Amino acid sequence: MTDPLLDISDLSVEFGPKTNPIRILHGVDLTVGQGEAVGLVGESGSGKSLTSLATMRLLPAAARIASGRIMLDGRDLLSLPDKAMPNVRGRDISMIFQEPMSSLNPVMTIEAQISEAIMLHQNKSKAERRARVLEILRLVGIPDPEARLGAYPHQFSGGMRQRVMIAIAIACNPRLLIADEPTTALDVTIQAQVLDLLRDVREETGTAVLLISHDLGVVAEVCDRVVVMYSGHVVENAGVETLFSDPQHPYTQGLLRAVPSLDGQEKRLYQIPGSVPPPGTIKAGCPFAPRCEMRMAVCERQMPALTIRGDGHQAACWATEDLASAPAKQLKAMEGTS
Ligand SMILES: Nc1ncnc2c1ncn2[C@@H]1O[C@H](COP(=O)(O)OP(=O)(O)OP(=O)(O)O)[C@@H](O)[C@H]1O
Ligand SMILES: [Mg+2]
């Protein structure tokens, strides 16, 4: 097997004073293969955005990396000098944010903004740049792109602006496209169109995708594999089909019950009882335990490790652990608690 394109291992991020830090990410492991589309899913506050910001080396100033390694195509991103990062951003990894209006420049034409992205990373003549801008606008489905080159962001609808954002992100053929809740601000019809577009872009360009969403339904539309996060921990990792047919973590099971059924039957949407604990409030054990119907005594004492549940399938849960294959360390922790 070839090495993954993105390989995040044991990533921990903290806020606050060093003497009394609040840990937000707890040993996150996440890989994205070459050309693979991976979904990163979890409720608000689970650490999805911080994971992607750490990858781009764009963490807020108050945050620091307490441990971990982030490799992109064999290069250690965390040890690159700061001045090397602008080249990585945009050329190797591109990011699409949730709110296109705040990420687009209101006083620059669409052509200028896409052109600028190309200029930063590729040596092209003006005519070559224009040809590339038109090519990308066509790829992202902007109708009559020649006529829209001189338009400003406010002259586009929300869905069209999101297409422009995607155009800027793919202008330099990034190896990895990170899309953080790219459809949350859009209505359902436009959301479906943007997801179709992400799928098309991936097929046309072969770029790998990390799609962040709180919605498993969204992720299933685009991704091959899903990583589920809860409260700064990766709790499950599986192929999309496996995740939907055989979820191993009670949290994933809860998220799945909250996905609206596609048969159009109006069911009352399930919500997992309780809410994500504020960072730093869970001192020991599994952070999902207070909300978990399958909770056992050990869950409140010790966080389970991710263990293998099948081919390419891992989950971190004491209750669904196959004890026959559990590591000795885990069995010891469980002693006398069932
Ligand atoms: N600048 C900051 N200072 C302190 N805590 C922060 C800061 N930024 C984020 N956090 C905390 O880190 C945790 C994870 O935040 P993150 O933005 O990664 O969540 P998320 O999974 O992307 O959520 P959402 O779905 O709402 O976007 C949250 O509990 C948040 O309160
Ligand atoms: Mg976020």
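As the structure lists them, so they are numbered: ligands from 1, and atoms in each ligand from 1. The structure displayed is predicted, hence computed values, not measured ones. Values below: all heavy atoms of this structure, side chains included; hydrogens, waters and symmetry mates excluded. Numbers here simply count residues along the sequence, with the first being 1.
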(request) Kindly indicate, with the supporting measurements, whether the criterion side-chain contact (heavy atoms from CB on, under 4.5 Å) is fulfilled by R129 and E116. (result) CA-CA 9 Å; R129 283 204 305 274; E116 187 179 57; over 6 Å; no

(request) Output, in order, the C-alpha distance, side-chain angles, deciding distance and verdict of salt bridge (Lys or Arg N to Asp or Glu O under 4.0 Å) for E146 and R138. (result) CA-CA 10 Å; E146 283 88 354; R138 252 176 236 119; 2.9 Å; yes

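- Of the N and O atoms on the side chains of T242 and R309, not one donor lies less than 3.5 Å from an acceptor on the other residue.
- Closer than 4.0 angstrom to ligand 1 lie heavy atoms from F15, I24, E43, S44, G45, S46, G47, K48, S49, L50, P60, E181, P279.
- Checking E236 against Y251 by side-chain atom types alone, no donor-acceptor pair falls below 3.5 Å.
- Looking at heavy atoms from C-beta onward, Q162 lies in side-chain contact with I96 at the 4.5 angstrom threshold.
- The backbone N or O of H214 lies less than 3.5 Å from a partner atom in the side chain of E181, making a donor-acceptor pair.
- With 2.8 Å as the limit, S44 does not count as an N, O or S neighbour of the Mg ion (ligand 2).
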